[in-house]
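Letters go in sequence order (proteins before strands), and every chain restarts at 1. Because the structure is predicted, anything quoted here is derived from the model rather than measured. The analysis underlying the following values was restricted to heavy atoms, covering all of them including side chains, and did not include hydrogens, waters or symmetry mates.
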2 protein chains.
Amino acid sequence: MYVTISAENTKAALTAPLGTTATPCSETRLKAQSYLYLEGDDVDWVYQVISGVVRLTRLLADGRRQVIAFGYPGDIVGFPVDGVHHTDCEALTETRLQPYRRLCLENGECSPSLHRALLQAALREIGAMQDHFMMLGRKSAVEKVASFLSVLAERVGEDVGDYKQFTLPMCRSDIADFLGLTMETVSRTFTKLRKNNIIAIDNIHTIIVLRPTELQALTLGERD
Amino acid sequence: MYVTISAENTKAALTAPLGTTATPCSETRLKAQSYLYLEGDDVDWVYQVISGVVRLTRLLADGRRQVIAFGYPGDIVGFPVDGVHHTDCEALTETRLQPYRRLCLENGECSPSLHRALLQAALREIGAMQDHFMMLGRKSAVEKVASFLSVLAERVGEDVGDYKQFTLPMCRSDIADFLGLTMETVSRTFTKLRKNNIIAIDNIHTIIVLRPTELQALTLGERD
DNA sequence: CGGGTTCTTGACTATCTTCAACGAAAGTGG
DNA sequence: CCACTTTCGTTGAAGATAGTCAAGAACCCG
């Protein structure tokens, strides 16, 4: 999952399974905090997240970290770069994944419809990443956090009265490393949104969006 | 072209043409400052840059701009997202491009080797963009500019004695919008590198890297 | 040569980071 | 179940990095 400029993707489109034909391989299960693969590992499979959430990260030698994406149900993770994984992938919650052979994507060694679906997923990935560039390069802290929460509310939020509620399976520093901020700035921005009654923070990992429209407006720089 | 963490790609690999078989379509020529496509246009072709340089951009409603990538010879531009272009693409110099049918990439309606080559290019694009996230999210101004110049020196620099020389076909604000900085910061950083004798600026658009090793070190945060 | 654009530089400011302390929550072992 | 420890999150104060605004210099092109 990336924080796209406009969250125009519908839940339906995103969470639809890829193959309509019988899948050749049974699902993979992953406990929270366990790794699916590490940077440099050979790629044999790409995975579609069925349930749960995973985190893709890259590390710099000096310890700086960038969270590349969060993988929510419907997302495909593990695209190979020259046959090798280019990020680490860790499960944030217990996660179920549907594996697809790498060669199905790369050589079409499977049903044409599945090959096409994986390819389309890769192309959508490129588009989503392009959006995320704008986010990292050109948005303020408030805009980044508002975008992040807005997309999550849209994608995984549950209606609670007039509000949208969802849980954050990742910690604050994961969010910070995803948005190119520090943990402290993320925390302060959450507090600011809470004090302005845009959101409520029930449990630390449970967000309630009280005013979705205002949150959406902050996404593009209206005053807070 | 993205500013990758380690410029380990060789020139040869990057500039190799995709299809060894006869290409079905003659090359496209583009004058400097003319657009190849705009965001929202339907995609009929993807293009490999043969010579010249193009610039891919995305715009926000309020005018903020992100340069997504520069397309140098060997690069593929124009990957479709749901059949539609997701960026604007403008030629920075006179440019020659080899078009390939979109359906060759998406449906394999061409030679299998060409289909595979385009697919591999898309997957490499994903990997390169992941690297660029680190750049935008986690690097300082000096690191960004040093990375940018270092990659260019490696990729298009010509040996002049012990030095590497190359021209910048883009203006300072293009570089700024690529790196997530302002024009002024880019300019100041150039000056700093020049005063430290890491680079020389011959003409405004001609850079000579005097100390490639030091420049490379600045890429990852060694003191300047 | 002149006019417009692009680039550089300076002074000032804003935003975000850093460092540090504290508090809340969660895990551990008796 | 409770005390202890550790991790994670929040908050504050101070500082640094990059942004803004403005002026002047260099470059480009007819």
Problem - A:Ser187, nearest nucleotide to its side chain (from D:dA18, D:dC8, D:dT10) - result: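 My answer, after comparing the listed nucleotides, is D:dT10.
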Could you tell me whether the side chains of [X] and [Y] share a donor-acceptor contact shorter than 3.5 Å?
| X | Y | answer |
| --- | --- | --- |
| A:Ser51 | A:Arg96 | yes |
| A:Glu143 | A:Ser140 | yes |
| A:Glu39 | A:Thr87 | no |

Practice task
Classify the nucleic acid contact of B:Thr191 as base, sugar-phosphate or nothing, counting any heavy atom under 4.0 Å across all strands shown.
Solution key: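 Sugar-phosphate, backbone atoms only, no base.
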When the distance from [atom1] of [X] to [atom2] of [N] is rounded to whole Å, what number comes out?
| X | N | atom1 | atom2 | result |
| --- | --- | --- | --- | --- |
| B:Lys192 | C:dC7 | NZ | C1' | 18 Å |
| A:Gln33 | D:dT7 | CD | C1' | 12 Å |
| A:Ile201 | D:dC8 | CD1 | P | 18 Å |
| A:Arg138 | C:dT15 | CZ | C1' | 15 Å |
| B:Lys139 | D:dT17 | NZ | P | 17 Å |
| B:Leu179 | D:dT17 | CG | P | 18 Å |
| A:Met170 | D:dG9 | CE | P | 11 Å |
| A:Asp177 | D:dC8 | CG | P | 13 Å |

Exercise for the section: Evaluate whether atom CG of B:Asp162 has more than 12 neighbouring non-hydrogen atoms of other residues, nucleotides or ligands under 6.0 angstrom away. Expected result: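 Atom CG in B:Asp162 is not packed in, count stays at 12 or less.
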Exercise for the section: Answer yes or no: does atom CD of A:Glu94 have more than 12 heavy-atom neighbours from other residues, nucleotides or ligands under 6.0 Å? Expected result: no
Practice task
Taking the six-membered ring for Trp and the single ring otherwise, decide whether the centroids of B:Tyr47 and B:Tyr100 are under 6.0 Å apart.
Solution key: no
Exercise for the section: Report yes if the distance between the aromatic ring centroids of B:His132 and B:Phe178 is under 6.0 Å, otherwise no. Expected result: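 Ring centres of B:Phe178 and B:His132 closer than 6.0 Å.
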Handout entry: CA sep, side-chain torsions, deciding dist, call: A:His205, A:Phe166, ring pair (Phe, Tyr, Trp, His ring centres under 6.0 Å)
Key = CA-CA 8 Å; A:His205 292 285; A:Phe166 54 93; over 10 Å; no
Exercise for the section: Going 5' to 3' through nucleotides 20-30 of chain D, assign each nucleotide B (protein heavy atom under 4.0 Å from a base atom), S (under 4.0 Å only from sugar-phosphate atoms) or - (no protein heavy atom that close). Expected result: BB-----SS--
Please tabulate, for side-chain N and O atoms in residues 183-191 of chain B, each donor-acceptor pair with protein atoms closer than 3.5 Å (sequence neighbours left out).
unit_1, atom_1, unit_2, atom_2, d
B:Thr185, OG1, B:Thr182, OG1, 3.0
B:Thr189, OG1, B:Thr185, O, 2.6
B:Thr191, OG1, B:Ser187, O, 3.0

Exercise for the section: Would you indicate, yes or no, if C:dC7 has its OP1 or OP2 atom less than 4.0 angstrom from a side-chain nitrogen or oxygen of B:Arg194? Expected result: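 Result: no.
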Practice task
Would you mind reading off the bend of the helix from C:dC1-D:dG30 to C:dG30-D:dC1 from its two end axes, five pairs each, to 10 degrees?
Solution key: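 End-to-end axis angle: 50°.
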